[in-house]
Undergrad: 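Sharing a structure with you now.
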Protein chains: 2
Amino acid sequence: MKSNKRILLVEDDPNFGRILKDYLTINNYDVSLAVNGIEGFEKFNRSDFDLCILDIMMPFKDGLTLAKEIREVNEEIPLIFLTAKNLKDDVLKGYKIGADDYLTKPFDSEILLAKIKSILNRKPNVNNDEVDIFEFKFGDFNFNSKLRILEYKDGDSYKLSPKENQLLKMLVLNFDDLLPRDIALNKIWRDANYFTSRSMDVYIAKLRKYLEKDNSLKIINVHGEGFRLMKE
Amino acid sequence: MKSNKRILLVEDDPNFGRILKDYLTINNYDVSLAVNGIEGFEKFNRSDFDLCILDIMMPFKDGLTLAKEIREVNEEIPLIFLTAKNLKDDVLKGYKIGADDYLTKPFDSEILLAKIKSILNRKPNVNNDEVDIFEFKFGDFNFNSKLRILEYKDGDSYKLSPKENQLLKMLVLNFDDLLPRDIALNKIWRDANYFTSRSMDVYIAKLRKYLEKDNSLKIINVHGEGFRLMKE
DNA sequence: AACTTTCTTAACGAAATGTTAATGTATTAT
DNA sequence: ATAATACATTAACATTTCGTTAAGAAAGTT
């Protein structure tokens, strides 16, 4: 399953912020709303966003200052500024910091959407330092997590579902080591509770079934802690 | 020495065009001015530009039509639209074609400059001088994506429509690897939503029909991710 | 204007995926 | 030993995604 793009929205007007957040959510973005620059910067640092929408006029820490701080940490992330007035000076400062776009309130929500799409589509982040490894070997299996294919030495192969795939990948990346339940749940299910935990058990069972071809491989449970993929 | 960035300016008002050209020239851009869409397209094809500024309202061929033509030839070049009116419909059409920005006349020249800088800076010249490959062989097919011809070894050949052609080209460029749905949709349809996705499926079906002559070739779906052209 | 090609949209069945429930087994604590 | 908690497995169900056909809209040609 494809995950939505994540937007950090920093807007001090709670009514407007709420409405805008809902509108973007309806249009399939995961939106995190902060009500001022300080909270905005904290949220920015706590997770990965694909785009930031910043109100310029805000108490405590205005949008331009926040933008500067964000730019120090991340040179790539697209920034869109919102402002009530069409203050030329602010606009110029914004572009200088590296704004990608600029909207004057009141603005048309459809146009904001179009801008967001345009910005997010134009480059699938050329600058991705971290190489995503997606080919693994363990036991008598080859595992391609990009194509979601698990292949046994005899040529048999299974198409993995997204969840199976993610879970197996995490197990393999922690081969012979503990994969803590919580970590896997929060990463794959984005929440750790009774139900997601049950669901994870179902998927562990599915993976065990795949892996039983190579009977030296085991997914061991560590009671109350998590699982461990190992070769005996 | 660093050479100036080259801008194609298409503007039918000769006075305004002249002034804008001079202003940009003073600010170290090499500007080529065309007075309508037809001349604009000719100039565009005659040399390499880094950015286009297009007036929307023009006689003979308007800016949006011109933009579409430019996009068919060059998917990367940034486009900035100018318009006298703030016509929402035009704005949205513009973004759909792949506009990078949008300015309503009268606008502030400094702001235009700032936008230009912002746009030109954000790709630290990924300057893809890379030759566009357009001749491919895969399975028992020869495929010329410039002529949009798919030819089977027995001499049979199909004329591909633009969309068929683009899609097949992306599949071939990712031969045996995943072509993510989103990437293809955003590149070919310039938007990823339910309808464009359905449309893409229709085109996948068409391509499968062409390819079934060589039954070792398959377009495999990776559920929720995309497609993979492979030879088994 | 008539014709052709291309593209989009609708409709709907099929397949894949994910969640929850139900039930049983293992582990731990007391 | 027994109760409580955690884990395992299967199956039923709901949801999402995909494949295909067909109708008709839009664009391009003759």
Side-chain angles (χ1 to χ4, degrees), chain A residues 1-4 28 147-150 157-168 171 178-182 184-185 187-212 218-229, chain B residues 61-62 64-69 71-72 93 96-97 148-150 158-168 171 178-182 184-185 187-212 218-229:
Chain A
M1 215 214 303
K2 210 71 199 195
S3 65
N4 292 335
N28 295 315
L147 300 173
R148 300 206 317 248
I149 290 174
L150 176 64
S157 76
Y158 307 104
K159 297 198 293 183
L160 303 184
S161 84
K163 286 255 181 338
E164 289 167 351
N165 186 60
Q166 284 184 276
L167 186 53
L168 181 56
L171 284 166
L178 178 74
L179 170 61
R181 234 195 159 87
D182 289 14
L185 284 176
K187 176 134 186 171
I188 301 176
W189 278 264
R190 284 182 173 266
D191 188 19
N193 60 44
Y194 174 79
F195 292 107
T196 55
S197 210
R198 263 358 59 243
S199 204
M200 177 169 168
D201 288 339
V202 172
Y203 278 89
I204 289 288
K206 292 180 182 180
L207 291 181
R208 281 184 176 132
K209 198 149 273 173
Y210 292 136
L211 297 189
E212 68 194 12
K218 299 264 182 289
I219 298 176
I220 301 293
N221 171 258
V222 182
H223 198 93
E225 299 294 334
F227 295 90
R228 176 183 172 212
L229 170 62
Chain B
K61 188 190 284 181
D62 71 291
L64 289 172
T65 310
L66 171 59
K68 222 180 282 180
E69 290 176 355
R71 266 282 169 273
E72 278 174 21
K93 274 185 205 155
K96 201 167 173 187
I97 291 168
R148 302 206 314 252
I149 289 174
L150 177 64
Y158 308 104
K159 297 196 290 182
L160 302 184
S161 82
K163 285 256 181 339
E164 289 168 349
N165 185 60
Q166 284 184 277
L167 186 53
L168 181 55
L171 285 166
L178 179 74
L179 170 62
R181 234 194 158 87
D182 288 18
L185 285 177
K187 181 139 183 169
I188 301 176
W189 278 265
R190 301 222 144 252
D191 190 18
N193 60 43
Y194 175 79
F195 294 108
T196 55
S197 211
R198 228 84 321 289
S199 201
M200 176 168 171
D201 287 338
V202 172
Y203 277 88
I204 288 289
K206 292 180 183 184
L207 291 181
R208 281 185 176 133
K209 202 148 270 172
Y210 292 136
L211 298 189
E212 70 193 10
K218 299 262 182 291
I219 298 176
I220 301 291
N221 171 259
V222 182
H223 199 99
E225 297 293 336
F227 294 91
R228 176 184 174 211
L229 171 61

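Reminder, nothing fancy here: chain letters follow the sequence lines and each chain counts from 1. Keep in mind the model is a prediction, meaning the values are calculated, not measured. Any value given below was found using the heavy atoms of this structure, including those in side chains, with hydrogens, waters and symmetry copies removed.
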Undergrad: Considering non-hydrogen atoms only, spot the tightest contact between Lys163(A) and Ile188(A) and give its length.
TA: CD-CG2, 3.7 Å
Undergrad: Counting just side-chain N and O atoms, does Arg208(B) come under 4.0 Å of either OP1 or OP2 of dT20(D)?
TA: yes
Undergrad: When you measure from the side-chain N and O atoms of Trp189(A) to the phosphate of dG18(C), is any distance below 4.0 Å, counting only OP1 and OP2?
TA: no
Undergrad: What is the distance, rounded to the nearest whole Å, between atom OH of Tyr203(B) and atom P of dT6(C)?
TA: 8 Å
Undergrad: Is Arg181(B) salt-bridged to Asp201(B), cutoff N-O under 4.0 Å?
TA: yes
Undergrad: Which heavy atom in Asn221(B) sits nearest to a heavy atom in Gly226(B), and how many Å separate them?
TA: ND2-O, 3.3 Å
Undergrad: Between dC7(D), dA21(C), dA16(C), which nucleotide gets closest to the side-chain atoms of Phe195(A)?
TA: dA21(C)
Undergrad: Please report the distance, rounded to the nearest Å, between CD1 in Ile204(A) and P in dA26(C).
TA: 18 Å
Undergrad: What integer distance in Å separates Leu160(B):CG from dT5(C):P?
TA: 14 Å
Undergrad: Would you indicate which nucleotide in dG19(D), dT9(C), dA6(D) comes nearest to any side-chain atom of Val202(B)?
TA: dT9(C)
Undergrad: Distance only, no hydrogens: is a donor on one side chain within 3.5 Å (strictly under) of an acceptor on the other, for Glu164(B) and Tyr158(B)?
TA: no
Undergrad: From the list dA8(D), dA6(D), dT19(C), which nucleotide is the closest neighbour of the side chain of Phe227(A)?
TA: dA8(D)
Undergrad: Around atom NZ of Lys159(A), are there more than 12 heavy atoms of other residues, nucleotides or ligands at under 6.0 Å?
TA: no
Undergrad: For Lys96(B) and dT8(C), give me the distance from atom NZ to atom P, rounded to whole Å.
TA: 8 Å
Undergrad: Starting at atom CD of Glu212(B), determine the distance to atom C1' of dT20(D), rounded to an integer number of angstrom.
TA: 13 Å
Undergrad: Verify the neighbour count for atom NZ of Lys96(B): are there more than 12 heavy atoms of other residues, nucleotides or ligands below 6.0 Å?
TA: no
Undergrad: Let's see if you can work this out: which of dA10(C), dG18(C), dA8(D) has an atom nearest to the side-chain heavy atoms of Lys163(A)?
TA: dG18(C)
Undergrad: For dC18(D) and Arg181(B) - does any side-chain N or O of the residue sit under 4.0 Å from the phosphate oxygens OP1/OP2?
TA: yes
Undergrad: The side chain of Ser161(B) is closest to which nucleotide in this list: dA8(D), dT6(C), dA22(D)?
TA: dT6(C)
Undergrad: When the distance from CG of Leu185(A) to P of dG18(C) is rounded to whole Å, what number comes out?
TA: 14 Å
Undergrad: Could you tell me how far apart Asp201(B) (CG) and dT16(D) (C1') are, to the nearest whole angstrom?
TA: 13 Å
Undergrad: By nearest atom, which of the nucleotides dT17(C), dT20(C), dA11(C) is closest to the Arg198(B) side chain?
TA: dA11(C)
Undergrad: Quickly work out the Lys218(A) NZ to dA8(D) P distance and round it to whole Å.
TA: 14 Å
Undergrad: Establish, with yes or no, whether the OP1 or OP2 oxygen of dC7(C) is under 4.0 angstrom from a side-chain nitrogen or oxygen of Ser199(B).
TA: no
Undergrad: With a 4.0 Å limit, can you tell me whether Lys206(B) has a side-chain N or O closer than that to the phosphate oxygens OP1/OP2 of dT21(D)?
TA: no
Undergrad: Starting from the 5' end of DNA chain D, give me the residue, Lys209(A) or Asn221(B), whose nearest nucleotide shows up first.
TA: Lys209(A)
Undergrad: For Tyr194(A) and for Tyr194(B), find the nucleotide of DNA chain C with the closest heavy atom, then tell me which residue's nucleotide is more 5'.
TA: Tyr194(B)
